[in-house]
Each structure stands twice: as C-alpha cells, then as structure tokens.
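Structure first, then comments.
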Protein chains: 2
Amino acid sequence: MPRPRSLNPIQIASAALAVIDQGGLSALTMRGVAKELNATAMCLYRYVADRDELEALVVEQALADVDTTAPVDGDWRERVAVLVRRMRVVIGCHPAVVPLLPVHRHRSPTVLRWTESLLAVLAEAGLDGTRRAVALRALLAYTVGAIQLEHLGPLSGGGTTAMAALSPAEFPHLAATAADARRVDPDAEFDGGLEILLRGLAT
Amino acid sequence: MPRPRSLNPIQIASAALAVIDQGGLSALTMRGVAKELNATAMCLYRYVADRDELEALVVEQALADVDTTAPVDGDWRERVAVLVRRMRVVIGCHPAVVPLLPVHRHRSPTVLRWTESLLAVLAEAGLDGTRRAVALRALLAYTVGAIQLEHLGPLSGGGTTAMAALSPAEFPHLAATAADARRVDPDAEFDGGLEILLRGLAT
DNA sequence: GTCGTAGGTGTACAACGTACTCCTACAGGG
DNA sequence: CCCTGTAGGAGTACGTTGTACACCTACGAC
C-alpha cells in the first residue's frame, strides 16, 4: 500500500564510503552523503537512526570485500597470517575509515565471520578455552593497533621523520631506531610484528 | 611591558582533562573547557592554536604521570612488561582520552621518553637496527590496540556479551570463545597477550 | 601619569546533527 | 477509472560546534 523506497542501505553505504574515501573522515556528514545520493539530509533518517548508524554502515561496506573464508594452504600460523593480511589489505584501500574501526568493529557481520574463521584456525592449532580467547584478543589488538599506527601514527611518515630528527643526546635509541624504521617498508613491518606474535603463540 | 597572562598551559590541560574525565570525550569543547576556567572560549586561543592542539594538551596531561624511568629489576622481558603496564594503568585512569591517543601519541614528550626507555631495554636484549624497529612497532601496536579494545571495543563488556549470544550454529567458535572471554579479567587478558608477544621476541 | 602592547571579551558566521511539519507519490479498493 | 490512506521525501528551524574579527582594557616601562 505505501509508497516504495527509492534508496536501499547498500546505496547509502556505498555513497557514504565514496564520500569518505574522497574527502576524508571530516567529509562524512549527513548533508554530504545526501548530496552524493541527490537527496536531502533528512531523507537519510528514513534508513538510519542517526549518524552513528551511518558510520557503522560505512565500516561494514569498507570491510565487505574481506575474504572471510578459511584459508586452506599452509600450517596454522600461515593460515592465521593470511586472514590477518586480508583484513589489513582491504582496510588499506579505505584509510579514512580507520578511526571508525575500533568503535564499530563489533557491529560488523564481516568482522564476526572473519573472527569465526580465525578462531577455527586457532582451535586447529590446539588452543581452547581461555588460552584461545587471549590469543584472539592479542591478534585483534595487534591488527587494530598496527593498522592505526600505519595510517594515523605519523600522518604517514612525518612522525617517524620528526623522531629521527630528535636530539641524539636526549633520545639516542629513539633517533637511531626512527632512522632505521624509515627504511622498513610497511608490509615488512606489519608482517614482522605478526610473525613475532605467531612465534609467541607457537610455544 | 605587556599585560601578564592569567592562565598557563598546565591549567588549561588540567581543566580540559577534568572536563573529559567527567563528561566524556563529547564534553571536550572550547566553551566547556573555558567555563571550567571561568574564561571565555576565545580566550583559549591565546594559548592553543586550535582544538587539535587542545586535544594534544589533554593527551600529554593524561599521560604525564606515566613513570618513564627505566625499570631495573628482572630480565629484559620483565622490564618491557613493566613499562608497558605502566602506560596501560595510567591510561586506564582516563578512559575517555583513549580515542585521542592514536592521533596525538607522537606529539607527547611522555610517549617519547617512554619509547626511549623501551628501546633501551630492547637494545640490552640484543635487538638492533631493523629488528629493533619492528619489535618496537609490534609492542606499540599491541599496547595501543589492546587498550582500545579494552575501553572502546564493546562499550566495556556489552559486545562480548552480544557475541556470546550469537547463534552457535552460525558462529560456533565465536560464541564459545566469547563465553570463555567473559571469565577472563582484563589484567590477565592484557598480560596474557603481552606475554605471547614477549615470547615471540625472545626467540 | 602616559602610552603601547598584548590579553580577554563579545559578536558573528558557517556547518553540523536532527526534531518537526508539511507535501506528495504511490498501491490497493471501489 | 478515480479515490484514499499511508509512508517517503523535502523544507524549515534550532541548538551546538569551532573559530575569525573587532573591540576594550589591564598592565609594565618610561
């Protein structure tokens, strides 16, 4: 009986993701997303309760193309690494959503499926109960933290450069390490940290 | 010759921290902080360039009582753990600043001194060059990530509870692990993850 | 006392999220 | 075919935010 809807949540999520990809996090406004859809700001409230829910939609849309199926090749450590890297790669395509991840992570079906796959691998590795819960949180913490450091930490490079320029008298190790760090590419850095974690899990 | 200042950066930082501790991150506004100081919003701009700089001040103030001196007791792994735990405890006293940490971390002198101490311990452990840089980033990523998960993840507990209530048919491992996770206290969880990382660093 | 400088205040504006009100396009019944 | 009830979309408006600008004023040096 009623008038049919002219938008759907996927269109809204896509538009919002486009806005944020193009203009950064500060461009994500109700009015901005509405304009992208040739609609008005208030119209969006027929589909989302508030801005918070719009953010959750963006996060889910950004994560949607993470492959959450269980990897089959390699031992369990390699399979964990594959899952974690898949997540990182996809997030890397939408760096502006990084600040939204910690807040909306637990509402995303993709994150749930991904976590389920991760836990399955950990179970195969012989981890169960509390030890598995701790292992999961450690992997989650590292993943979230590393991705944030990568994208927010130095506003991509500036922070590390600034640290490398610190007085070697006051901060000898920091200045030296920052100089070293500039020569490590982000992939190697991420994988290196992940490997440390996986070595720790294996023993 | 000029009129003397009636405020100083420490007063502003303290007032801002008080505001955010009491009213949460959303209470941190120029007007709100000004009211706390019995001043006007515009007055603050004689001391900080913009809101961003005020946030940096809050972060530094919140972290100010982290003891960044090098621990002396225990082997290097224990000393790393002591430094990391000191940071976590202090941040735990100001949970509302957690979302500001990733953005302003690299501007904080306290973080610089803390990092310097951490690197010194890693150097004693025989790590140098690229390997030390990677180890540091891994520890940083875990620390930042774990603290965020702890304070933002589930709005403290609700998310884990929601996950425990998921359909065991669709998410068997997740539902079980979430149920287990509810019985792990936060300190043990954090220390457990940290220990995994340190074990990985030791080999 | 006088003066110049710099600190504090007041006003104002654009942009934000969103509550409320109205108009109107459409699916079903006659 | 028209008519009608319902729900979608638009418009307006309000309170709050950060902050630019102009003004006033309190104070140290002479």
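Chain A is the first sequence line, chain B the second, and so forth, proteins listed ahead of strands; every chain is numbered from 1.
- Between Arg51(B) and Pro4(B), it is Arg51(B) whose nearest contact on DNA chain D lies nearer the 5' terminus.
- Legend: residues meeting salt bridge (Lys or Arg N to Asp or Glu O under 4.0 Å) with Glu53(B), ordered by chain and number and at least two apart, are absent.
- Here Glu36(A) does not pair with Arg31(A) in a salt bridge; the nearest charged N to carboxylate O distance is not below 4.0 Å.
- With sequence neighbours left out, Asp65(B) forms a side chain to side chain donor-acceptor pair (under 3.5 Å) with no residue at all.
- For Arg131(A), there are no salt bridge (Lys or Arg N to Asp or Glu O under 4.0 Å) partners, not counting sequence neighbours.
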Pairs: protein N or O with nucleotides 2-6 of chain D N or O, under 3.5 Å:
none

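- Residue pairs that meet the salt bridge (charged side-chain N to carboxylate O under 4.0 Å, His left out) test with at least one member in residues 88-100 of chain A, sequence neighbours left out, are Arg88(A)-Glu150(A), Arg88(A)-Asp187(A).
- Rounded to whole Å, the distance from CE on Met30(B) to P on dT11(C) is 19 Å.
- What separates CG of Leu54(A) from P of dG17(C) is a distance of 9 Å, to the nearest Å.
- Of the residues in residues 35-50 of chain A, Ala39(A), Thr40(A), Met42(A), Cys43(A), Arg46(A), Tyr47(A) come within less than 4.0 Å of DNA chain D through at least one heavy atom, sorted by number.
- Screening residues 161-177 of chain B for salt bridge (charged side-chain N to carboxylate O under 4.0 Å, His left out) gives no qualifying pairs among residues at least two apart or on separate chains.
- Shown here are the salt bridge (Lys or Arg N to Asp or Glu O under 4.0 Å) partners of Arg51(B), two or more places apart in sequence or in another chain: Glu55(B).
- Pairs engaging residues 106-124 of chain A under the salt bridge (charged side-chain N to carboxylate O under 4.0 Å, His left out) rule: Asp52(A)-Arg107(A), Arg79(A)-Glu124(A) [sequence neighbours left out].
- When the P atom of dA12(C) is taken as reference, atom CZ of Arg31(B) falls 14 Å away, rounded to whole Å.
- Applying the salt bridge (Lys or Arg N to Asp or Glu O under 4.0 Å) rule to Asp67(B) yields the partners Arg86(B); only residues at least two apart in sequence or on another chain are considered.
- A heavy atom closer than 4.0 Å to some atom of DNA chain C occurs in no member of residues 15-24 of chain B.
- Legend: ring-ring contact (aromatic ring centres under 6.0 Å, His included) pairs involving residues 173-197 of chain B, not counting sequence neighbours, sorted by first then second residue: Tyr142(B)-Phe190(B).
- Residue Glu55(B) contributes atom CD, which lies 12 Å from atom C1' of dG18(D) at whole-angstrom precision.
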